[in-house]
Amino acid sequence: MASRNTVLLRSFAKPAITASLLCAILVVTGCSVEPAEPSAYANAIDVPPGFPEQQFPADNVPNDHRIALGRFLFYSQLLSHDSDVACASCHYQGASFSSSQAISPGTQGRLGTRNAPSLANIGYKPHFLMEGGVPTLEMQALVPIQEHSEFGMNMLDVINRFENNATVQSLSMKAYGRRFDAYVLTRAIASFERTFVSGRSRADQDQLTAAEQRGRKLFFSDRTSCSSCHGGVFYTNHGFANNGAYEQYSDQGRQRLTGKQSDAAVFAIPSLRNVSVSSPYMHDGRMETLSDVIAHYDRGGFDHPNKSPLIRPLGLTQRECDDLEAFLTSLTDQTFLYNPRFAP
Ligand code: HEC
Ligand code: HEC
């Protein structure tokens, strides 16, 4: 099965790239830049207390037009081969822009191999995909378009579909001062994604029940080491690790990118914000509930040569497991999941 990683490696690591992809990359990285309209992006993008300011590429500072076009595209099925799926089919707002299916079908029902992750706070990520091989959100937007098991499309065909679409052409002119093309498509989608900021959960407001407070203490303790990997304001250190989830991995993880044995079955450490609504869990969505995940960590996971030494039997009581789960659930941000600005 052609996996997305094949595309990823072809696009960003190996010279053997297809003509259309090369064309798309040139457009994406090209330097023809229309001056961004000075716009109060601060109004469009929430910065919750304790969050840093987001950094934007110089040629893609978000403004209302850019975000509006990106929003339209994110929900458009015309990006997919059979006009049957949109970004939002796999990244659903109510699930923190993740999928509630372990493997969500792309165009013509084609299946990939990985679970669609949450896109909450995606604008703050330093690298994308589970092996971390894609450096910018603009480049990431190319991946689903070309990926066989997602949109299975050619960028030029996508652009042609909008040739006579007055709404898209007019928004494109307002947003980037040019007709709709790959440059505009990738930048507009990235602009919309950068608005996906989530930092207003009960845990952020310090309104925790007694059980959640006990869970928080455990989470940030040396007894569990959860926060060594899932710490900080984003509940991830943006690093990579093997957490011993399985006895056998069919996914090479970061090794696919680096070729190193020490990166086999090593995956990007996910953020735990909104984790209670982003089930199922892990790279392939094989763990169904948060209690399955906590039971896994309590057991210390399966042996794997690359398993982090932080993953070891924890000896938690049932109440401690419940407390941890209660704390993880308090990271749910209702203002994010129901914000009408993110809806179709
Ligand atoms: C068929 C389901 C599917 C569709 C359609 C889809 N995605 Fe995804 N998306 C995934 C999966 C699965 C991953 C994880 C892939 C990986 O890490 O290799 C992912 C990863 C991502 C990531 C990286 C997340 C991270 O934390 O690194 C972003 C950003 C993203 N998708 C945005 C989009 C956008 C924008 C679109 C539409 C242009 C889209 N996706 C369409 C399934 C989908
Ligand atoms: C050594 C680093 C490390 C430690 C310590 C760690 N994790 Fe993780 N965690 C990971 C990685 C890596 C993944 C993703 C693995 C995969 O995709 O297969 C993950 C996944 C998860 C997920 C699933 C998230 C999702 O969206 O799929 C949850 C929930 C989670 N961890 C909670 C915890 C808790 C609770 C603790 C403490 C008991 C903990 N983690 C300790 C590295 C770590």
Side-chain angles (χ1 to χ4, degrees), residues 3-5 7-8 70 73-76 79-80 85-91 96-99 101 103-107 110-123 125 127-134 137 140-145 147 149-151 158 185-186 189-190 192-193 196 215 218-219 223-231 235-237 239-246 249 251 253 256 265-272 274-276 278-287 290 292-294 296-298 301 307-312 314 316 321 324-325 327-328:
S3 87
R4 55 186 308 108
N5 298 305
V7 171
L8 167 70
L73 295 169
F74 192 85
Y75 286 100
S76 172
L79 269 53
S80 63
V85 287
C87 306
S89 311
C90 302
H91 298 284
S96 188
F97 292 103
S98 76
S99 171
Q101 282 170 279
I103 307 292
S104 32
T107 193
R110 295 173 192 166
L111 295 178
T113 54
R114 287 181 176 174
N115 178 238
S118 159
L119 303 184
N121 301 316
I122 195 77
K125 274 198 100 174
H127 44 65
F128 303 94
L129 303 190
M130 294 175 194
E131 52 279 274
V134 178
L137 264 184
Q140 202 287 323
L142 291 172
V143 177
I145 297 201
E147 172 61 44
S149 62
E150 295 185 2
F151 291 161
V158 176
L185 179 145
T186 52
I189 290 180
F192 180 52
E193 291 179 299
F196 296 173
L218 265 175
F219 184 89
R223 251 195 85 201
T224 66
S225 304
C226 305
S227 60
S228 305
C229 293
H230 298 284
Y235 290 86
T236 169
N237 61 13
F240 298 89
N242 175 283
N243 69 348
Y246 306 122
Y249 287 81
D251 190 321
R256 194 127 206 175
V266 164
F267 295 91
I269 298 169
S271 166
L272 300 186
N274 302 306
V275 73
S276 74
S278 72
S279 66
Y281 304 109
M282 306 303 164
H283 64 277
D284 54 1
R286 259 202 284 164
M287 283 192 201
L290 280 180
D292 294 345
V293 172
I294 291 166
H296 143 71
Y297 281 114
D298 186 39
K307 186 173 85 171
S308 161
L310 295 173
I311 311 294
R312 75 284 173 191
L314 302 178
L316 301 176
C321 291
L324 258 184
E325 183 172 343
F327 171 63
L328 292 180

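Sequential numbering from 1 along the given sequence is applied to the chain's residues. One-based numbering, in listed order, for ligands and for the atoms of each. It should be emphasised that the depicted structure is a prediction, and the values quoted were computed from it without experimental measurement.
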Please indicate whether any nitrogen or oxygen in [X] is less than 3.5 Å from any nitrogen or oxygen in ligand 1.
{"X": "L129", "value": "yes"}
{"X": "R114", "value": "yes"}
{"X": "S149", "value": "no"}
{"X": "S118", "value": "no"}
{"X": "M130", "value": "yes"}

If you compare all heavy atoms of [X] against all heavy atoms of [Y], which two are closest, and at what distance to 0.1 Å?
{"X": "E150", "Y": "V85", "answer": "O-CG2, 4.0 Å"}
{"X": "A190", "Y": "L137", "answer": "CB-CB, 3.9 Å"}
{"X": "I189", "Y": "A141", "answer": "CG2-CB, 4.2 Å"}
{"X": "P280", "Y": "N115", "answer": "O-OD1, 3.2 Å"}
{"X": "F74", "Y": "A86", "answer": "O-CB, 3.7 Å"}
{"X": "N242", "Y": "I311", "answer": "O-CG1, 4.3 Å"}

- Message: If you apply the rule side chain to side chain donor-acceptor pair (under 3.5 Å), what do you find for Y297 with N243, and how did you get there?
- Response: CA-CA 8 Å; Y297 281 114; N243 69 348; 2.9 Å; yes
Examine ligand 1 and decide if any of its atoms is less than 4.0 Å from a heavy atom belonging to [X].
{"X": "S104", "result": "yes"}
{"X": "I103", "result": "no"}
{"X": "A88", "result": "no"}
{"X": "S89", "result": "no"}

- Message: Working note: E147 + R110, criterion salt bridge (charged side-chain N to carboxylate O under 4.0 Å, His left out); need CA distance, chi angles, decisive distance, verdict.
- Response: CA-CA 10 Å; E147 172 61 44; R110 295 173 192 166; over 6 Å; no
- Message: Could you check whether any heavy atom of I294 sits closer than 4.0 Å to an atom of ligand 2, since that is the contact criterion I want to use?
- Response: no
- Nitrogen or oxygen of H283 less than 3.5 angstrom from that of ligand 2: yes
Any atoms of ligand 1 less than 4.0 Å from a non-hydrogen atom of [X]? List them with their elements.
{"X": "A86", "value": "5 (C)"}
{"X": "E193", "value": "29 (C), 32 (C), 35 (C)"}
{"X": "K125", "value": "25 (C), 26 (O), 27 (O)"}
{"X": "G106", "value": "1 (C)"}
{"X": "L137", "value": "29 (C)"}
{"X": "P105", "value": "1 (C)"}

Identity of the nearest option to [atom], non-hydrogen atoms only, from [options]:
{"atom": "atom 30 (C) of ligand 1", "options": "H127, E150, Q140", "answer": "Q140"}
{"atom": "atom 39 (C) of ligand 1", "options": "A141, G132, P144", "answer": "P144"}
{"atom": "atom 34 (C) of ligand 1", "options": "G70, C87, S80, P117", "answer": "C87"}

- Message: Salt bridge or not between E193 and K125? Use side-chain N to carboxylate O under 4.0 Å.
- Response: no
- Note on the structure: Within a distance under 2.8 Å of atom 8 (Fe) of ligand 2, the protein atoms of type N, O or S are H230 NE2, Y297 OH
- Message: Counting C-beta onward and ignoring hydrogens, is there a side-chain heavy-atom pair between E325 and V293 closer than 4.5 Å?
- Response: no
- Quick one: does F151's side chain get under 4.5 Å of C87's, heavy atoms only? yes
- Query: Do Y246 and D284 pass the side-chain contact (heavy atoms from CB on, under 4.5 Å) test, and can you show the C-alpha distance, the side-chain angles, and the key distance before you say yes or no?
  - Reply: CA-CA 11 Å; Y246 306 122; D284 54 1; 2.6 Å; yes
- H283 vs F267 aromatic rings, parallel, tilted or perpendicular, using cut-offs 30° and 60°? parallel
Is a side-chain donor or acceptor of [X] paired with a backbone partner of [Y] at a separation under 3.5 angstrom?
{"X": "T236", "Y": "I269", "result": "yes"}
{"X": "D292", "Y": "M287", "result": "no"}
{"X": "T224", "Y": "L218", "result": "yes"}

If we set the cut-off at 4.0 Å for heavy atoms, which region of [X] has an atom near ligand 1: side chain, backbone, both, or neither?
{"X": "A268", "value": "neither"}
{"X": "I189", "value": "side chain"}
{"X": "A116", "value": "both"}
{"X": "L119", "value": "side chain"}
{"X": "N115", "value": "backbone"}

- Item | For ligand 2, the portion of D284 having any non-hydrogen atom under 4.0 Å away | neither
- Query: Just which atoms of ligand 2 are under 4.0 Å from any heavy atom in S308?
  - Reply: 1 (C)
- Item | ligand 2 atoms in contact with S225 (distance to a heavy atom under 4.0 Å) | 5 (C)
- Task: Do me a favour and list the nearest non-hydrogen protein atom to atom 26 (O) of ligand 2 with residue, atom name and distance?
- Result: Y281 CD2, 4.0 Å
- Which heavy atom of the protein is the closest neighbour of atom 27 (O) of ligand 2, given with residue, atom name and distance? M282 N, 2.8 Å
- Query: CG/L290 to OG/S278 distance, rounded to the nearest 0.5 angstrom?
  - Reply: 7.5 Å
- Can an N, O or S atom be found in C90 less than 2.8 Å away from atom 8 (Fe) of ligand 1? no
- Task: Measure from the ring center of Y281 to the ring center of H296 and say whether it is less than 6.0 Å.
- Result: no
- Item | Results of side-chain hydrogen bond (donor to acceptor under 3.5 Å, both in side chains) for N274 - residues two or more places apart only | S96, S198
